[in-house]
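All residue numbers in this chain count up from 1 along the given sequence.
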Amino acid sequence: FQPPPEPIENIRIVLITDQGQLDSGPLKLDPNLTELQGWIRLGMVLSDFQGPAELSSATLLRVAVTGDHEGKFYVSRLRLVQEDKPLMAQIEGEQHEVTFTAAPQIEGVEGTYIWDFDDLDGLTEDAYGQQVSCQFPEPGYYIVTLTVLDTAGLREKRMDRVYVIVE
């Protein structure tokens, strides 16, 4: 009898270029971000990778993705996108209030703001707009998720979360 392999909980992405490599370091796979049919969408900003400081003229040769346990995982799509003006998802203001304001975008960037007031998954669309209000049904602990999408569908979506205690 052989026990089933442990699930992969962390991955590492290494971008190998003609001028060196960039390493993501360990990335925890958050099961709460599971999307359709068990897939997990993972987005990273190039500046989050560790390695040589200047690779702007480098040519990408290979991408290596590894997990922390033996087992299989599949990469369905790998997409490299250059965003000169990326979307921002940053919640501003006091976190215990019921009015939330998203930070403005960088000049020249338009975003669609989608708010989820009841769960960590960020999948419910409870309100739209840069500033919104929410009437929580009772005192308690809530997770508020802001998702910002590009109006043209060209940039990666961004998410931010705050933890709110309503008294």
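Side-chain contact between Val65 and Val63 is present, with at least one heavy-atom pair separated by less than 4.5 Å. Looking at Phe117 and Val132, their side chains come closer than 4.5 Å, going by heavy atoms from C-beta outward. Inter-residue side-chain proximity for Ile13 and Phe49 is flagged as met; some heavy-atom pair is nearer than 4.5 Å. Residues Leu15 and Leu60 meet the side-chain proximity criterion, which asks for heavy atoms closer than 4.5 Å.
The residue from Met159, Lys157, Gln105 that alone fulfils the side-chain contact (heavy atoms from CB on, under 4.5 Å) condition with Val148 is Gln105. Evaluated for a side-chain contact (heavy atoms from CB on, under 4.5 Å) with Leu27, the options Asn10, Ile11, Asp68 yield exactly one hit, Ile11.
If you chain together hydrophobic residues whose side chains sit under 4.5 Å apart, Leu61 and Val14 never meet in one group. Follow the hydrophobic side-chain contacts under 4.5 Å out from Tyr142 and you reach Tyr113 in the same cluster. Residues Leu146 and Val162 are members of one and the same hydrophobic cluster, defined by side-chain heavy-atom contacts under 4.5 angstrom among Ile, Leu, Val, Met, Phe, Trp and Tyr.
The salt bridge (Lys or Arg N to Asp or Glu O under 4.0 Å) test applied to Asp23 returns Arg12, not counting sequence neighbours.
No more than 12 heavy atoms of other residues, nucleotides or ligands sit less than 6.0 Å from atom CD of Glu110.
Under the 3.5 Å distance criterion, the side-chain polar atoms of Trp115 are matched with a main-chain donor or acceptor of Gly129. At distances below 3.5 Å, not a single donor-acceptor pair connects side-chain atoms of Gln131 with backbone N or O atoms of Thr101.
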(request) Please test Ser133 against Thr99 for side-chain hydrogen bond (donor to acceptor under 3.5 Å, both in side chains), starting from the C-alpha separation and ending with a verdict. (result) CA-CA 4 Å; Ser133 295; Thr99 298; 3.1 Å; yes

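In this structure, CD1 in Ile114 is found 4.5 Å from CD in Glu125, a value given to the nearest 0.5 Å. The CD atom of Gln21 lies 11.5 Å from the CD atom of Gln50; values are rounded to the nearest 0.5 Å.
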